[in-house]
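A note on names: the letters A, B, ... follow the listed sequences, proteins ahead of strands, and every chain is numbered from 1.
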Amino acid sequence: MWRSWAALRLFEKQSVCLVLGQRMVAIATVAGKRRRVRRKSVQEEQVRWWEEEKRADGVKWSTLEHKGPVFAPRYERVPRNVRFYYDGKPLELSEETEEAATFYAKMLNHDYCTKEVFNNNFFKDFRKSMTPREREIIKDFRKCGFQEMFNYFQAESEKRKAASKEEKLIKKNENEALMKEFGFCMIDGHKEKIGNFRLEPPGLFRGRGEHPKMGMIKRRIHASDVSINCGKDSKVPSPPPGSRWKEVRHDNTVTWLASWIENVQGQVKYIMLNPSSKLKGEKDHIKYETARRLDKVIDKIRATYRDEWKSKEMRVRQRAVALYFIDKLALRAGNEKDEDQADTVGCCSLRVEHVQLHKELNGKENVVVFDFPGKDSIRYYNEVEVEKRVFKNLELFMEHKKEGDDLFDRLNTQVLNEHLKELMEGLTAKVFRTYNASKTLQSQLDLLTDPSATVPEKLLAYNRANRAVAILCNHQRSVPKSHEKSMENLKEKIKAKREAIEKCESEYNVSICETMLPHAVCLIAITPMQSRDEKKGKQLDRLRDQLKKLELQETDRDENKTIALGTSKLNYLDPRISVAWCKKNDVPIEKIFNKTQRTKFLWAVHMADENYRF
DNA sequence: CGATACACTTAGCAGCGGAGGC
DNA sequence: GCCTCCGCTGCTAAGTGTATCG
C-alpha cells in the first residue's frame with residue numbers, strides 16, 4: 001500500500017547519518033534490488049526525543065561541548081592596480097578604509113546604492129573608518145569612485161565560477177572539513193548539528209523596506225566580542241591564538257552556544273542548533289500541540305470575543321475586535337517598534353491610515369480595506385467584509401483621530417497576551433496563526449484531494465492547499481526575474497509535446513491498420529507487429545502523461561508566482577498533517593518535503609500514521 | 001508600570017550547484 | 001558534453017513574547 005516505505009526508511013537513515021556527520025556507503029545494484037547500507041561506525045541513531053520523558057522546567061541541557069564559532073576570513077587587500085578613485089584620481093587608502101570601500105564596491109550594482117539613506121549612512125561610517133589624512137581629502141561621497149574595485153570583484157567571481165573541477169573540489173573539501181570540526185556539538189551525549197556556526201562577516205547593513213540604518217557598516221567580530229556558553233565540565237573552545245573570549249558562561253537554561261552584540265542595532269546575535277536538533281524539534285512539536293489545544297476551545301473563544309464587541313468598556317471592545325482580526329485574517333500581534341527601525345505594523349500597532357471603511361464596496365457591505373506594511377515591509381492588502389458590529393466599532397475607534405494615531409489606543413500586545421493566557425494556558429497571539437494555518441491545510445487537503453487521482457494531480461492539490469495557507473499568512477515573494485521566460489519555455493514545451501502526441505497518434509493508427517491485414521499475411525509477422533503496436537501505445541501513454549505533468553506544472557507555477565510556499569511549510573503547518581496525507585494517498589514523502597525539511601520533521605514522520613488529524 | 005534586555009521563531013533573498021534539456 | 005535554469009541552502013533581518021529593571 002505504501003510503496004515508498006522502503007525509500008522512506010532509507011531516507012531516514014540518510015538523514016540520521018547526515019545529522020551525525022557519519023560517512024555511509026550505499027551500494028545499489030543495477031536493478032536496484034539488493035540495497036545495502038553500510039555504516040563506518042555503529043553509533044547511536046538520532047535521539048528519539050519524542051519517545052523520551054520531558055525535562056524539568058527551564059533546564060535545556062545537562063552537558064554541552066562545542067568548538068566555538070568560525071571567524072570571518074581576515075581582510076585581504078586588493079591588488080595594487082585595483083584602485084579607489086577620488087575626484088577622478090586614484091587615491092591610496094589605508095587597510096581599514098580600503099576594506100570599508102570594498103563593502104560598498106561589492107554592492108555597486110545593487111538597488112541599495114540608488115537610495116539616499118543607504119549612501120548617506122555608508123558615507124558617514126566610511127569616514128569614521130578613515131585616517132585623519134584620508135578624512136581631510138574624502139569629503140564628498142559623489143566624488144568617490146568604486147568602479148574599478150567593483151570590476152575586480154566581478155572578475156574574481158567569474159574566475160571562481162570558471163575554476164577547474166579540481167580547484168572546486170579542494171574548496172569543497174576544505175569546507176567540509178570546517179563543517180566537520182565546527183559544525184557540530186555534543187549535547188547531552190549526542191552529536192548535533194549547529195545551525196549557524198560562522199560569525200557574521202563585516203559588511204553593510206541591509207535593512208528591509210525603508211530602514212533608517214541601511215548602509216551602516218557592520219563591523220568585524222573578534223573573540224573579545226563573543227560570549228561562549230557551554231557545560232561546566234566540558235572543554236572550553238579555544239579562541240584564536242593571542243585572543244580571549246569576552247566571557248565564558250555555563251547557563252543550561254538557554255540553548256545558545258555563543259553570542260555577540262551586533263553594532264548597527266545593538267541586538268544580541270546567537271549561535272544556535274540546527275532545526276533537526278532535539279532542542280528545536282521538541283519546541284516545534286510543543287508549538288503544534290498548543291495549536292491543537294486551541295482547537296478544543298476555539299468555539300468558546302470566538303463566541304466570547306463576539307460577545308465582547310458589545311462591551312461597555314472600550315478597552316474590551318478593542319481587544320475583541322483585534323482578536324477577531326488576528327483569528328480571521330491571521331494578522332501578527334504587532335509589537336511596538338522603535339523610531340530607528342522601518343515603519344511596519346501588525347494588528348495591535350495598526351494606525352488609522354492603515355484601514356479604510358466602506359459601507360459598500362464592489363457589491364459587498366461593511367468592507368474594511370487593510371493596506372499596511374507588515375513584517376519585512378511586505379505589503380498587506382485585503383478587502384474584507386466584516387460583521388456589522390465590527391464595522392460600527394471600527395467607526396467608533398476612529399472617531400476624532402488623525403493620521404498617525406493608533407487604531408487600538410487602549411490595546412497593546414502585552415495586554416492582549418495576558419488576556420489570552422486567561423483563556424487557555426500557553427495561548428498567545430501567534431498561536432492563532434499556527435492554528436489557522438494548520439487547520440486550513442487540513443481542511444483544504446480534505447477538500448481538494450481526489451483519492452483516485454494520479455500522483456502529479458495529488459501534488460497539485462497539495463500545493464493548492466499549501467497555497468491557500470500562504471495567502472492567508474500573506475507569504476509573498478517578488479516575482480522571480482525569470483518567471484516570464486520560464487513560463488514561455490514551459491508553454492513551448494507543452495506545444496512540442498502536443499505535436500509529438502499527434503504524430504505518435506497517427507503512426508499508431510497506421511500500425512493498427514497494418515495489423516488488420518488478412519490473417520495469412522500477418523501470421524508470421526504477428527509477434528513483431530504486436531510488439532510494435534504495444535510499443536507505440538506505450539509511447540503514446542507516456543507522452544500523454546508527460547503532457548499532463550507539464551500542464552499541471554504550468555498551472556502550479558503561474559499560481560505561485562507571487563506566493564512563497566516555503567515559509568508556511570517550515571513554520572506554520574503541522575508536519576504530521578502532511579505525513580499522514582502522504583501515507584494515506586500513497587504519495588512519497590520526498591515529493592513534498594525536501595531533504596532539509598525531512599530532517600527537520602523526522603519526528604513527525606515517526607509520530608504520524610495515516611489517520612493523524614490536526 | 002513602562003522601558004529595556006534577552007531568547008527564540010519567522011522571514012525573504014541571493015548565490016550556487018546540480019539536474020535535466022539540447 | 002555543455003548550458004540553462006530551478007530548487008536548495010545559507011544568511012541574517014525582523015518579528016514575538018517573557019523576564020527584569022528602575
Would you say [X] reaches [N]'s phosphate, i.e. side-chain N/O to OP1/OP2 under 4.0 Å?
{"X": "Lys430(A)", "N": "dT10(B)", "value": "yes"}
{"X": "Arg206(A)", "N": "dC11(C)", "value": "no"}
{"X": "Arg160(A)", "N": "dC16(B)", "value": "yes"}
{"X": "Lys337(A)", "N": "dG15(C)", "value": "yes"}
{"X": "Asn417(A)", "N": "dG17(C)", "value": "yes"}
{"X": "Arg198(A)", "N": "dG10(C)", "value": "no"}
{"X": "Lys60(A)", "N": "dA7(B)", "value": "no"}
{"X": "His211(A)", "N": "dA13(C)", "value": "no"}
{"X": "Arg433(A)", "N": "dA11(B)", "value": "yes"}
{"X": "Thr428(A)", "N": "dG17(C)", "value": "yes"}
{"X": "Lys161(A)", "N": "dG17(B)", "value": "no"}

_For the CD atom on Glu210(A), are there more than 12 heavy atoms of other groups (residues, nucleotides or ligands in this structure) within a distance under 6.0 Å?_
no
*Counting only heavy atoms not in Lys168(A), do more than 12 sit closer than 6.0 Å to its NZ atom?*
yes
*Hey, which sits more toward the 5' end of DNA chain B by its nearest nucleotide, Ser157(A) or Lys280(A)?*
Lys280(A)
*Upstream residue (5' side of DNA chain B) when Ile378(A) and Gln414(A) are each assigned their closest nucleotide*: Gln414(A)
What is the distance, rounded to the nearest whole Å, between atom [atom1] of [X] and atom [atom2] of [N]?
{"X": "Arg208(A)", "N": "dA14(B)", "atom1": "CZ", "atom2": "P", "value": "10 Å"}
{"X": "Leu331(A)", "N": "dG15(C)", "atom1": "CG", "atom2": "C1'", "value": "14 Å"}
{"X": "Asn196(A)", "N": "dT10(B)", "atom1": "CG", "atom2": "C1'", "value": "15 Å"}
{"X": "Leu199(A)", "N": "dG10(C)", "atom1": "CG", "atom2": "P", "value": "17 Å"}
{"X": "Leu427(A)", "N": "dT18(C)", "atom1": "CG", "atom2": "C1'", "value": "15 Å"}
{"X": "Leu573(A)", "N": "dT10(B)", "atom1": "CG", "atom2": "P", "value": "11 Å"}
{"X": "Lys213(A)", "N": "dA14(C)", "atom1": "NZ", "atom2": "P", "value": "11 Å"}
{"X": "Gln341(A)", "N": "dG15(C)", "atom1": "CD", "atom2": "C1'", "value": "10 Å"}

*Hey, which sits more toward the 5' end of DNA chain C by its nearest nucleotide, Lys421(A) or Phe205(A)?*
Phe205(A)
_Asn594(A) vs Gly346(A), nearer the 5' end of DNA chain C by closest nucleotide_ = Asn594(A)
Taking atom types as modelled, is there a side-chain donor on [X] or [Y] under 3.5 Å from an acceptor on the other?
{"X": "Asp409(A)", "Y": "Gln318(A)", "answer": "yes"}
{"X": "Arg433(A)", "Y": "Tyr572(A)", "answer": "yes"}
{"X": "Asp327(A)", "Y": "Tyr305(A)", "answer": "yes"}
{"X": "Thr428(A)", "Y": "Asn417(A)", "answer": "no"}

*What about Lys375(A), does its side chain sit under 3.5 Å from the base of dT10(B) through a donor-acceptor pair?*
yes
*Quick one, which residues of residues 255-271 of chain A touch DNA chain C with a heavy atom under 4.0 Å?*
Gln265(A), Lys269(A)
Would you indicate what [X] reaches in the nucleic acid, counting non-hydrogen atoms under 4.0 angstrom: base, sugar-phosphate, or nothing?
{"X": "Gly374(A)", "value": "sugar-phosphate"}
{"X": "Ala429(A)", "value": "sugar-phosphate"}
{"X": "Lys287(A)", "value": "sugar-phosphate"}
{"X": "Pro275(A)", "value": "nothing"}
{"X": "Gly195(A)", "value": "nothing"}

*asked:* Suppose we call two aromatic rings close when their centres sit under 6.0 Å apart. Are Phe150(A) and Tyr104(A) close by that rule?
replied: no
*Assert yes or no for the condition that the ring centre distance of Phe205(A) to His211(A) is strictly below 6.0 Å.*
yes
*asked:* By nearest atom, which of the nucleotides dA14(B), dC8(B), dA11(B) is closest to the Tyr572(A) side chain?
replied: dA11(B)
*Which listed nucleotide (dT16(C), dG12(B), dA7(B)) is nearest to the side chain of Arg249(A)?*
dA7(B)
*For Lys280(A), enumerate each residue passing the side-chain hydrogen bond (donor to acceptor under 3.5 Å, both in side chains) test, keeping only those at least two apart in sequence or located in another chain.*
none
*Should the ring pair Trp603(A) and Phe601(A) be called parallel, tilted or perpendicular, given that the plane angle runs from 0 to 90° and is split at 30 and 60?*
perpendicular
